[in-house]
Amino acid sequence: MATNHQQAMDSGPISGRVDVDNPPFSRIFIVCSKRHTSEDMKIAFEHFGGIEDVWVVKDKLTKENRGVCYIKFTKASSAARACEEMDGKVVGGDSKPIKVMIAQSKVSGSKTDFQDDTALTRLFVICPKDYSEDNLRQKFQDFGEIESVQIVRDHATHENKGYGYVKFRKSSAAAIALENCDKALKAVWAEPKSAKIARNAAAAAAALHSTLIPHNPFLETNNFVPSAVQAPMNVGMNVPVSIPGVVDFYSAQNPTAAVAESITTSHTPTRLFVKVLPSVTAEQLSRLFDIIPGMQMCDLKRNFSTGESKGFAYVTYNSVGSAIYAKEKLNGFEYPPGSKLVVKYAEDPPGVRSNGIGQGTEAPFQVQSYGSKSSLTGNSYAVDSAGVYTSAALPAPAPLADMNSEVASRLFIVCQPAPPPETALKDVFSRFGNLIDVWMMKERNFGYAKFASKESADAAIEGLHGHEVLGMRLKVMHADPPKSEASRKRPRT
DNA sequence: CGACGGGACGC
DNA sequence: CGACGGGACGC
C-alpha cells in the first residue's frame, strides 16, 4: 500500500540524445585544435564532473575535424569549473592553449541567452519577507565568496518585496549554490539587469485590467459604474509599469496577516491616506480610486489660497472590504508612471472618538459587543475573535508553518461570488495553525490551501466552510490530489 | 579567429 | 457545481 513514487523519469530529451540545455549552462564550448580527439577531451575534462556527451565537431562533407568541441556535463557547476580551470590551458600535447566557455543554448538561436561574459555569477531568489540581507547572505555563504546580496524593496515603505539577488565572485560558486541551496528559495540564474522592461510592462498592462478592475470583491454589491473603467486612460496612465499585488506572491512569515495588523491598529479601516504627486489633480485621483467600487469621497488636500495640491488626500469607502482592497491594489501603484502612490489606512481624525461601527460604514460583519478592549485607542474594528469581516468564529492569530514543511493536507476552496483579497484569505486560514500557503487561481474563484497538519486543515474546514469572508461565501473541502501524476492510463475514449 | 551530430520501438 | 500558482532589479 505504501506510496511507491517510482515514476521513471522517462521522456528524457525532447528530440535527440541529450538535452543539451538542461540544466541551463551545463554545456561548454571548446576551441581547440583540429588534432584533438574526443578522447583527449574526455580525459582532460572528466574530473570536473559527470559528462553526458563529448562531441568533436567535424565538417559534414569532408569529415575534417573543425577544431571545436562541445562537452555536456550533468551539472552546471561542472561546466563552470571547467571554464574557470581549463580556459587558456594546453591539452594533449598541443601547443596552442584552448578556449573554454559556456556554450550558447541550442534554442534561442542567437544572443537571446542572458549570458554576456559577465553573467552567470548572479542568482535570482525568492526571499521570505522577514529576511534581512544578512539572513539571505547566510543562506548562501557556504557556497563561495559572495560579492553582494540585494533584497528588492518597495521604495516608499522599504518593505521586502519577496525576492532578491545574490551575486557571487565566481560562476562556479553561483552554480554550486544554485544546485544546493534551500529549495524554498527557488534560486534560478538571474537575467542581466538590462533586459527587464518589456516583460514587466506587458505583465503590468495585463494585470491592470485583470486585477485592478475587479471581477472581484464588492462589485456585485456596490454601484460599480462601468465608465470608471476608463479612468486610468483618461488621466494619462498609458503605461502602467508596476502594480503591487502582482508580485505579492509570497507570504510574509508572519503570524498575523496584513488585514489583521492594519485593522487592529488605531485607525478607521474605511478611510485611506494617500500620498500623491502634487501635479495630480483632485479629479484624476478621484477617478483612480473610484475604480474600486464603494468609494464615497476623495478629498485631496489643497492650499487654501493657491489651490495647489498638498500632495496627500483622504479617500473614504463605504465598506472595510473596499478600503482594504483599494489599499492592496493601489499602494505602490505608479501614478503617474514613475511615481508610486503611497496608500495607508488613515489615522482617526483628531477629536473623533471612533468607537464602534461608524455610522455609514457598512462593514460586512459587525463587531459583536467587543467594545471594552479599545479604551486606549478607540479601536473600533478589532479583527480577532469578534470577526468584523467574517462570519466565522476565528481562533487567535497563529504562525504560519515553515514553507518547506511537508504538505499534510490540501484544501480546495471555492469563493462566491469572487475571492476576497489574498490578505484576508491568509488571515482566516492561518488562524487554524500550520498553514503553509493559500492562494486563489488567477482570474478564477477557486484555489487551494496547504497545511502542514491534518488537524489544522480539518479545523479550517470545520471553521470556514460555508462562512463568508468580506462578503464572499467560502466552500472549503479536501482537495483531490494534484492532477500531475497518475493519470497516464490508456487514453481510450 | 571558433558554434550545433548521432541513434532510435518501448505500453 | 469549481480542480491545480507564483518571479526581475532606481539611470
Side-chain angles (χ1 to χ4, degrees), chain A residues 8 10 12-13 15-18 20-21 27-34 38 53-60 63 66-70 72 96 98-107 109-110 114 122-127 148-155 161-167 185-200 203-204 241-242 245-251 334 338-340 403 410-417 419 422 437-450 474-475 477-485 488-491:
Chain A
D10 47 32
S15 67
R17 278 250 142 260
V18 176
V20 297
D21 295 325
R27 189 176 64 142
I28 59 175
F29 174 67
I30 305 167
V31 181
C32 48
S33 96
K34 294 182 165 57
S38 59
D53 189 33
V54 178
W55 170 30
V56 170
V57 179
K58 296 181 169 62
D59 186 279
K60 275 204 178 65
K63 303 294 181 64
R66 295 180 63 176
V68 300
C69 171
Y70 292 94
K72 170 67 174 71
K96 191 180 95 177
I98 63 171
K99 296 181 187 175
V100 185
M101 62 210 84
I102 297 294
Q104 291 286 352
S105 72
K106 216 159 187 178
V107 294
S110 55
F114 45 97
R122 202 171 63 129
L123 303 180
F124 176 75
V125 301
I126 297 302
C127 174
S148 63
V149 299
Q150 176 197 5
I151 292 175
V152 178
R153 297 178 181 281
D154 181 279
H155 299 136
K161 290 173 98 167
Y163 56 88
Y165 298 87
V166 180
K167 184 165 167 52
L185 301 173
K186 304 204 169 178
V188 295
W189 293 106
E191 295 178 25
K193 278 191 177 175
S194 48
K196 60 170 180 181
I197 297 299
R199 171 188 52 217
N200 195 353
V241 176
S242 167
V246 173
V247 287
D248 184 23
F249 57 92
Y250 208 87
S251 76
E334 297 208 15
S339 172
K340 292 189 178 181
M403 55 186 171
R410 230 167 50 105
L411 304 183
F412 180 56
I413 305 162
V414 181
C415 305
Q416 280 161 353
E422 185 175 312
D437 198 10
V438 54
W439 76 91
M440 299 299 293
M441 296 291 293
K442 195 170 44 177
E443 315 278 310
R444 309 299 301 273
N445 71 334
F446 66 89
Y448 298 86
K450 295 196 292 194
L474 302 191
K475 296 182 181 178
M477 61 209 92
H478 291 292
D480 296 338
K483 89 168 201 177
S484 54
E485 75 172 314
R488 264 304 108 94
K489 300 295 183 184
R490 59 194 80 155

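None of the values given here were measured: they were computed from a predicted structure. Excluded from the calculations below are hydrogen atoms, water molecules and symmetry mates; all remaining heavy atoms, backbone and side chain alike, are included. So that the names make sense, note that chain A is the first sequence line, chain B the second, and so on, each numbered from 1.
The base of C:dG5 is paired with the side chain of A:Lys450 by a donor and an acceptor separated by under 3.5 Å. With hydrogens and angles left out, the side chain of A:Arg27 and the base of B:dC4 share a donor-acceptor pair within 3.5 Å. Donor-acceptor pairing under 3.5 Å, judged by distance alone, is present between the side chain of A:Lys99 and the base of B:dG2. For A:Lys60 and B:dG5, a side-chain-to-base donor-acceptor distance below 3.5 Å is absent, hydrogens and geometry of angles not being considered.
Among C:dC4, B:dA3, B:dG5, the nucleotide with an atom closest to any side-chain atom of A:Asp480 is C:dC4. Of the candidate nucleotides C:dG6, C:dC9, C:dG2, C:dC9 has the atom lying nearest to any side-chain atom of A:Arg122. Residue A:Val188 places its side chain closer to C:dA8 than to any other of C:dA8, B:dG2, B:dC4. Across C:dG5, B:dA3, C:dC9, the shortest atom-to-atom separation from the side chain of A:Gln150 is found for C:dC9. The nucleotide whose nearest atom lies closest to any side-chain atom of A:Lys442 is, among C:dC4, C:dG10, C:dG6, C:dG6. Comparing atom distances between the A:Val20 side chain and each of C:dG6, C:dG2, B:dG5 picks out B:dG5 as nearest. Closest to the A:Val152 side chain, of the nucleotides C:dC4, C:dG10, B:dG2, is C:dG10. Picking from C:dG5, C:dC9, C:dA3 the nucleotide with the shortest atom distance to the side chain of A:Trp439 gives C:dG5.
Here A:Phe446 does not pack flat against the base of C:dG2, since the 5.5 angstrom centre distance and 30 degree tilt limits are not both met. Stacking between A:Tyr165 and the base of C:dA8 is absent under the criterion of ring centres within 5.5 Å and planes under 30 degrees. In this structure, A:Tyr448 forms an aromatic stack with the base of C:dC4, since both conditions hold: centre separation below 5.5 Å and plane angle below 30°. Here A:Trp55 counts as stacked on B:dG5: its ring centre is under 5.5 angstrom from the base ring centre and the planes meet at under 30°. Using a 5.5 Å limit on the distance between ring centres and a 30° limit on the angle between planes, the aromatic ring of A:Phe412 counts as stacked on the six-membered base ring of C:dA3.
Note that CZ of A:Arg153 and SG of A:Cys127 are 8.0 Å apart. Values are rounded to the nearest 0.5 Å.
Using a 4.0 Å heavy-atom cutoff across all strands shown, A:Arg410 reaches at least one base atom of the nucleic acid. Residue-level contact check: A:Val68 touches the backbone only, with heavy atoms under 4.0 Å from sugar-phosphate atoms and none from bases.
Under the 4.5 Å side-chain criterion, counting only non-hydrogen atoms from C-beta, A:Pro417 is not in contact with A:Asn445. With contacts defined as side-chain heavy-atom distances shorter than 4.5 Å, the pair A:Lys450/A:Trp439 qualifies. Annotation: side chain of A:Asp53 is not in contact with side chain of A:Tyr70 (no heavy-atom distance under 4.5 Å). For the pair A:Leu411 and A:Met477, the minimum side-chain heavy-atom distance is 4.5 Å or more. Using a 4.5 Å heavy-atom threshold, the side chains of A:Val152 and A:Tyr165 count as touching. Proximity of A:Ile102 to A:Ile28: side-chain heavy atoms (C-beta onward) are separated by under 4.5 Å at one or more points.
Atom-to-atom, CG of A:Asp59 to P of B:dC4 comes out at 10 Å; the value is rounded to the nearest Å. Note: CD1 (A:Ile98) to C1' (B:dC1) measures 16 Å, nearest angstrom. We find that CG of A:Leu411 is positioned 20 Å from P of C:dG2, with the value rounded to whole Å. Per the geometry, OH belonging to A:Tyr163 stands 5 Å off P belonging to C:dC9, to the nearest Å. Atom NZ of A:Lys475 and atom P of C:dG2 are 9 Å apart (whole Å). Between the P atom of C:dC9 and the CZ atom of A:Arg153 lies a distance of 15 Å, rounded to the nearest Å. When rounded to the nearest whole Å, the span between CD of A:Gln104 and P of B:dG2 equals 17 Å. C:dC9 atom P lies 13 Å from atom CD1 of A:Ile126, rounded to whole Å.
Projected onto DNA chain B by closest heavy-atom contact, A:Lys58 and A:Lys96 fall at different nucleotides, the more 5' of which corresponds to A:Lys96.
For A:Arg66 and B:dA3, the shortest distance from a side-chain N or O to OP1 or OP2 is below 4.0 Å.
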